[in-house]
Amino acid sequence: MRVCVVGSGGREHALAHVLGRSCDVVVTPGNPGIPGSVAVPATEIEADLYVIGPEAPLVEGLADELRAAGRLVFGPGADGALLEGSKAWMKELLVAAGVPTAGHGSFTGLEPALRYLATMSDLFVIKTDGLAAGKGVLVTEDRAEAEEAVRAYLSGEAFGDAGRRVVIEEGLTGPELSVLAVCDGHRAVPLAPAQDFKRIGEGDVGPNTGGMGAYSPVPVAGDDVVDAVMDRAVLPTLEELQRRGIDYRGVLYAGLMLTPRGIKVLEYNVRFGDPEAQVVLPRLKSDLADLLAAAAAGSLEDDPVFGGDASVTVVCASEGYPAAPRIGDPIAGIEAANAVEGVMVFCAGVASAAEGGVGAISAGQDGQELVTAGGRVLNVTGQGPDLATARERAYAGVTHIDWPGRYVRFDIAAAAVEGASQRESA
Ligand code: AMP
Ligand code: GLY
């Protein structure tokens with residue numbers, strides 16, 4: 001089978017790598033660190049299956065365009081992608097479907113928004129309605145900061161048009177969990193759960209990012225938790241989508257909080273998580289292309305099979321991320337990291353070095369030298385028989401990766417490994 005993967009980040013590198021176990025893979029536009037990358041639009045590529053990675057082309061209707069041309073596509077149409085494209089629409093749908101979620105209001109006017117905020121206490125959550133690359137969410141205990149954010153969002157100053165409608169939510173607490181379900185329009189099967197680290201700083205402090213690392217499996221999320229997520233969130237959502245005439249074929253990614261009052265959906269994404277894909281997909285034992293092709297054809301049958309192993313991914317980011325990432329620095333050590341047992345480097349914000357050479361730096365797919373070109377530059381995924389080993393391997397890989405100002409969180413999966421060792425010795 002020939003598969004076309006759309007996108008250019010670490011998630012697409014992981015998709016291409018795992019699909020490559022059984023298929024020819026072409027990635028558009030990809031990046032110089034992803035083998036098979038081509039600068040040709042998906043609509044001009046012949047393939048048996050198209051897998052669309054990022055939310056933006058889904059929201060813009062790329063899946064519809066390809067389907068209209070008779071292609072087999074994994075990824076929802078623009079109608080279903082609105083689950084991620086508009087948080088206000090997503091919340092309305094969740095309420096209609098009876099899915100547990102945080103209490104909220106959605107606003108375009110400043111006065112009603114501030115009045116709603118005045119009724120809240122403790123923890124304030126302000127979200128852009130539209131897409132903001134994972135950065136449009138503020139969670140704060142500081143009322144003045146929340147009010148200021150509402151002003152900056154609604155005026156367009158903070159996130160342009162994406163923020164001209166805001167969703168204000170009650171703040172929830174508890175461990176977070178990402179459950180990615182593969183849907184074929186009427187049936188859904190869960191992938192192994194993962195946990196993501198959204199904040200820039202160790203100990204979960206500082207601004208939200210696209211994700212600074214992830215691990216899978218998640219010790220606090222056994223089969224009972226995944227079953228509850230499917231029964232209370234994913235399946236009712238899929239039914240509600242069907243009721244609205246939406247044939248949802250793609251990933252429904254539930255971002256959840258395990259609160260003292262049960263599971264709550266924080267958000268839906270309409271695609272694989274990044275960096276969740278970089279830990280979940282390498283653990284898959286059954287064939288990924290078969291699974292995605294069956295979902296795309298509306299005929300999911302077999303559940304995906306995962307091994308008993310574990311994986312941890314650590315994002316290496318540019319100095320200044322997420323506010324103002326510095327780019328153009330030469331990247332060293334990708335080959336050395338890949339040579340560590342159980343380690344795979346997935347490239348995201350990388351570009352080819354300009355002419356003139358910059359010393360001993362990493363080679364991309366055609367032996368080109370790579371420089372940083374974005375906030376999240378690459379992911380180092382470690383796999384092993386358990387989380388502790390996977391974590392050790394990921395960080396052993398990270399020690400080889402270098403560029404000026406490289407930023408890494410060193411606490412990815414630390415608490416999960418600690419918890420697992422405490423359970424073993426109890
Ligand atoms: P979202 O993009 O909606 O998933 O939000 C990004 C991050 O903000 C989540 O992963 C949580 O860490 C945090 N967050 C979102 N909604 C809430 C909420 N209602 N209460 C507490 N934290 C939240
Ligand atoms: N890791 C969060 C996301 O993919 O949205």
Side-chain angles (χ1 to χ4, degrees), residues 7 9-12 14-15 53-56 58-59 81 83-91 94 100-106 120-141 146 149 159 162-163 166-180 191 193-201 203-216 233 251-261 263-281 313-315 317 322 346 348 375-376 379 409 412:
R11 164 186 50 214
E12 287 74 32
L15 276 164
E55 60 278 16
L58 291 165
V59 170
L83 274 181
E84 184 163 357
S86 167
K87 283 195 194 283
W89 189 80
M90 179 262 291
K91 293 288 283 193
L94 288 191
T101 186
H104 79 288
S106 104
M120 298 174 65
S121 53
D122 303 334
L123 193 57
F124 309 96
V125 183
I126 319 294
K127 301 183 176 184
T128 59
D129 177 48
L131 296 180
K135 294 164 208 151
V137 177
L138 174 73
V139 181
T140 180
E141 292 173 14
F159 293 100
V166 293
V167 172
I168 302 180
E169 273 185 21
E170 94 185 274
L172 302 173
T173 52
E176 283 188 53
L177 185 67
S178 303
V179 173
L180 283 61
L191 301 178
Q195 194 168 63
D196 178 22
F197 292 75
K198 290 254 167 56
R199 303 289 191 114
I200 188 73
D204 296 323
V205 298
N208 269 316
T209 69
M212 293 302 297
Y215 65 91
S216 174
V251 171
L252 186 57
Y253 158 155
L256 304 143
M257 201 166 253
L258 309 178
T259 78
R261 287 183 290 140
I263 293 163
K264 303 259 186 179
V265 173
L266 295 181
E267 65 163 348
Y268 276 127
N269 294 317
V270 298
R271 50 173 174 81
F272 289 99
D274 185 345
E276 287 92 331
Q278 292 90 308
V279 288
V280 171
L281 297 178
T313 197
V314 177
V315 171
F346 296 118
R376 294 191 295 173
N379 310 107
R409 265 185 73 164
I412 305 301

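Atoms within each ligand, like the ligands themselves, are counted from 1 in listed order. Any value given below was found using the heavy atoms of this structure, including those in side chains, with hydrogens, waters and symmetry copies removed.
- Counting heavy atoms closer than 4.0 Å to ligand 1, residue T173 contributes nothing at all.
- Within ligand 1, counting atoms from 1 as listed, the ones closer than 4.0 Å to a heavy atom of V139 are 8 (O), 13 (C), 14 (N), 22 (N), 23 (C).
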Trace of the side chain to side chain contact (heavy atoms under 4.5 Å, CB included) decision for L252 with Y268:
CA-CA 7 Å; L252 186 57; Y268 276 127; 3.7 Å; yes
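- Of the heavy atoms in R11, none comes closer than 4.0 Å to ligand 2.
- Of the residues T313, D204, V314, V315, the one that meets the side-chain contact (heavy atoms from CB on, under 4.5 Å) test with F197 is D204.
- Salt-bridge check for K127 with E267: failed, with every basic side-chain N at 4.0 Å or more from each acidic carboxylate O.
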Could you walk me through whether K264 and L94 satisfy the side chain to side chain contact (heavy atoms under 4.5 Å, CB included) test, starting with their C-alpha distance in whole Å, then the side-chain angles of each, then the deciding distance to 0.1 Å, before giving a yes or no?
CA-CA 11 Å; K264 303 259 186 179; L94 288 191; over 6 Å; no
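- Near E170, with a cut-off below 4.0 Å to any heavy atom, the atoms of ligand 1 are 18 (C), 19 (N), 20 (N).
- Heavy-atom distances between Y253 and ligand 2 reach below 4.0 Å in at least one pair.
- Proximity of G273 to ligand 2 is established by a heavy-atom distance of less than 4.0 Å.
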Take V280 and F272, measure what side chain to side chain contact (heavy atoms under 4.5 Å, CB included) needs, and give me the verdict at the end.
CA-CA 10 Å; V280 171; F272 289 99; over 6 Å; no
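- Within ligand 1, counting atoms from 1 as listed, the ones closer than 4.0 Å to a heavy atom of K87 are 1 (P), 2 (O), 3 (O).
- For the pair V125 and ligand 1, the shortest N or O to N or O distance does not fall below 3.5 Å.
- Each of the atoms 20 (N) of ligand 1 lies under 4.0 Å from some heavy atom of G171.
- For A102 against L172, the heavy-atom pair with the smallest separation is CB-CD1, 3.7 Å.
- Heavy-atom separations between P275 and ligand 2 include at least one value shorter than 4.0 Å.
- The distance from ligand 2 to the heavy atoms of E276 drops below 4.0 Å at these ligand atoms: 1 (N), 2 (C), 4 (O).
- Partner of K87 under the side-chain contact (heavy atoms from CB on, under 4.5 Å) criterion, out of L131, V167, V166: V167 alone.
- Distances below 4.0 Å separate heavy atoms of E267 from the following atoms of ligand 1: 1 (P), 2 (O), 3 (O), 4 (O).
- Put simply, the side chain of R376 gets close to the backbone of G210: a donor and an acceptor are under 3.5 Å apart.
- Close approach to K127 involves these atoms of ligand 1, each under 4.0 Å from a residue heavy atom: 3 (O), 15 (C), 16 (N).
- For T259 (side chain) and G174 (main-chain N/O), no donor-acceptor pair under 3.5 Å exists by modelled atom type.
- Between K198 and ligand 2, not a single N/O pair is under 3.5 Å apart.
- Going from atom OG of S216 over to atom CG of L177 covers 9.5 Å, rounded to the nearest 0.5 Å.
- For ligand 1 and K198, the ligand atoms under 4.0 Å from any heavy atom of the residue are 10 (O).
- Checking R271, E267, E55 against atom 5 (O) of ligand 2, the nearest heavy atom belongs to R271.
- Residue Y253 is tested with E84, R271, E55, E276 for a side-chain hydrogen bond (donor to acceptor under 3.5 Å, both in side chains); the sole match is E276.
- Judged by the shortest distance from any of its heavy atoms, G210 lies inside the 4.0 Å radius around the atoms of ligand 2.
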